[in-house]
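Values below: all heavy atoms of this structure, side chains included; hydrogens, waters and symmetry mates excluded.
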Amino acid sequence: MKLVNFILLAFLFSSQILTAETEEVKVTTGENYQNTVWYSLKTGVVKEASKDNWDMAFQTGQNGAIHLNCQKGYELFEIVDSDGFSWDEPIDITDFRESDNFVQWVNSEETWNIGAFNLGKDGFADDGDFGWGEYDMSDHGIKGKKVFLLIMPDGSAKKIMIFKLLNRKYEFKYADLDGSNEVYASVNKNDRANVSFIYFDFATNSILTEAREPDNTLWDLAFGKYTMKYIMPDDEFMFYPVSGIKQNQNVLAVQLDDVNVETVETPTEDQLDANITIIGSDWKTYDLNSGLYNLTENRAYFVKGLEGVIYKIVFTDFSGPDEGIYTFNQTRIETSVNENMPNVTLGVYPNVIESNQDFSVVLADEIPGEYTLSIYDVNGNNILTNVIESDYLTKHTISGLDLSTGIYFIHLANQNGVLTQKIIVR
């Protein structure tokens with residue numbers, strides 16, 4: 001199918017009213033939300049695992065995110081002035097929680113590509129800055145540049161540093177603050193090639209014996225606990241644990257409020273977003289008086305799953321910590337096309353621009369090759385087509401376009417498929 005036809009079909013189907021059959025779904029995470037549950041919109045529950053059976057998680061593919069299990073009681077602090085030569089320097093943690101020399105980080109709520117160790121940075125969006133390390137063009141590796149303070153669940157403190165990611169292998173070390181009990185460890189992406197993350201356990205100094213999560217092509221949503229940044233009235237903030245839902249990194253969604261959930265129209269393609277907590281946790285609120293959870297009324301979620309089909313989700317009940325049961329109505333809408341391309345990442349930065357502003361397209365590919373990069377407007381008109389060669393991590397700058405206000409689609413295509421990102425011109 002031609003790219004222009006793909007766009008026109010997406011907008012044609014987006015105006016349809018939902019008429020498909022609805023099914024009730026219950027997903028159980030257990031007492032006190034003890035499990036993470038991976039769920040497929042097509043087939044149901046795929047797998048579940050204890051939320052506490054891991055300590056660190058290392059991203060596979062071409063990204064370099066490193067997550068920490070904050071739900072287990074771990075805390076991570078950036079040592080602000082540290083660098084690759086700081087490992088042997090003394091660390092004074094007196095009043096560290098009030099010190100400007102220590103900054104606390106948690107895993108991103110918006111993207112899997114930013115874990116606590118990434119310091120809010122996605123290397124593909126930040127010129128090769130991955131927080132814990134910097135991209136090196138000479139060998140296509142990432143070289144460590146930060147020492148971190150790691151607070152363990154029992155309250156003890158260690159220092160930790162990821163010193164490189166090279167040839168698909170993460171290498172890191174951790175030790176007591178005085179340098180004693182130093183441990184070296186490594187995680188090879190090839191050991192779990194088909195999952196999004198490889199999980200590491202400090203107790204055994206190794207990855208989990210079996211893959212914790214299912215193949216990343218088998219699940220759309222993950223139900224479980226995660227940490228969010230809660231902004232208080234005085235603009236201060238605190239990190240707060242919540243129970244909720246995250247999307248697979250290749251799943252898009254949108255939240256629609258103040259709608260009739262029975263007759264609401266399917267949203268257009270440009271309304272869908274890659275933020276992994278579009279569903280998140282705020283569809284429910286806890287009532288202190290009754291001890292029960294109230295659900296947000298007149299709210300519907302639309303989720304474009306891995307198979308390219310859009311589903312409507314409307315929550316009808318939440319049991320709370322006694323059983324951790326999520327209950328929702330799910331409606332399948334035959335309105336979309338699968339455009340996933342395995343092992344390739346496409347980013348557009350910035351994705352909101354002025355009419356003649358330059359922007360960059362960043363391509364990461366495990367196997368370098370030739371791609372066709374095209375820009376289309378919402379009517380399917382081709383604005384630009386270029387052929388680009390990938391080199392593991394490739395940045396292609398688009399300049400000289402005088403675009404009218406509106407939404408445009410960036411398409412990256414080869415013989416295997418097509419990836420799409422949108423850009424807004426204001």
Legend entry - Face-on cation placement of Lys47 at Trp219 ring, 6.0 Å and 45° thresholds: no
Parallel, tilted or perpendicular: which one describes the rings of [X] and [Y], with boundaries at 30° and 60°?
X      : Y      : result
Tyr135 : His140 : tilted
Phe172 : Tyr174 : parallel
Phe130 : Trp132 : tilted

Roughly how far, to the nearest 0.5 Å, is [atom2] of [Y] from [atom1] of [X]?
X      : Y      : atom1 : atom2 : value
Gln421 : Asn351 : CD    : CG    : 8.0 Å
His411 : Lys422 : NE2   : NZ    : 13.0 Å
Leu363 : Leu346 : CG    : CG    : 7.0 Å
Ile79  : Ile160 : CD1   : CD1   : 11.0 Å
Leu76  : Leu119 : CG    : CG    : 8.0 Å
Thr43  : Glu307 : OG1   : CD    : 9.0 Å

Between [X] and [Y], is any pair of side-chain heavy atoms under 4.5 Å apart?
X      : Y      : result
Tyr33  : Asn35  : no
Leu373 : Thr385 : no
Asp317 : Ile325 : no
Thr217 : Asn194 : no

Are any side-chain N or O atoms of [X] and backbone N or O atoms of [Y], one a donor and one an acceptor, separated by less than 3.5 Å?
X      : Y      : result
Asn69  : Trp54  : yes
Thr60  : Val195 : yes
Glu24  : Thr327 : no
Asp176 : Asp178 : no
Lys173 : Ala185 : no
Ser281 : Gly244 : no
Ser86  : Glu89  : no
Tyr226 : Asn107 : no
Tyr170 : Leu166 : no
Ser50  : Asp52  : yes

Under 4.0 Å between a side-chain nitrogen and a carboxylate oxygen: does that hold for [X] and [Y]?
X      : Y      : result
Lys395 : Asp127 : yes
Asp83  : Lys146 : no
Arg97  : Glu75  : yes
Glu171 : Lys164 : yes
Lys304 : Glu269 : yes

So for atom [atom1], which belongs to [X], do other residues, nucleotides or ligands contribute more than 12 heavy atoms lying within a distance under 6.0 Å?
X      : atom1 : answer
Asp100 : CG    : no
Asn167 : CG    : no
Asp81  : CG    : no
Phe239 : CZ    : yes
Glu98  : CD    : yes

How close do [X] and [Y] get, heavy atom to heavy atom, and via which atoms?
X      : Y      : value
Glu389 : Glu370 : OE2-OE1, 3.2 Å
Glu182 : Ala175 : CA-CB, 3.6 Å
Glu78  : Phe148 : CA-CD2, 3.9 Å
Ser196 : Gln249 : OG-NE2, 4.1 Å
Ala65  : Asn118 : CA-OD1, 3.2 Å
Leu306 : Asn216 : CD1-O, 3.5 Å

Inset, instruction - Not counting sequence neighbours, which residues clear side-chain hydrogen bond (donor to acceptor under 3.5 Å, both in side chains) with Asn113? List them please. - result: Gln59, Asn63
Distance-only polar pair, side chains of [X] and [Y], donor-acceptor under 3.5 Å:
X      : Y      : value
Asp257 : Gln255 : yes
Asn275 : Thr277 : yes
Arg212 : Asn53  : yes
Glu213 : Tyr199 : yes
Thr397 : Ser399 : no

Name each donor-acceptor pair under 3.5 Å that joins a side chain in residues 288-295 to protein atoms two or more places apart or in another chain, with its distance.
unit_1	atom_1	unit_2	atom_2	d
Ser290	OG	Leu292	N	3.2

Legend entry - For Phe77, the option from Phe96, Phe117, Trp105 that meets ring pair (Phe, Tyr, Trp, His ring centres under 6.0 Å):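 Of the listed options, the one satisfying the test is Phe96.
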Inset, instruction - Step by step, work out the ring-ring contact (aromatic ring centres under 6.0 Å, His included) result for Phe328 and Tyr326. - result: CA-CA 7 Å; Phe328 55 93; Tyr326 298 70; 8.0 Å; no
Inset, instruction - Take Ile310 and Leu272, measure what side-chain contact (heavy atoms from CB on, under 4.5 Å) needs, and give me the verdict at the end. - result: CA-CA 10 Å; Ile310 292 179; Leu272 300 172; 4.3 Å; yes
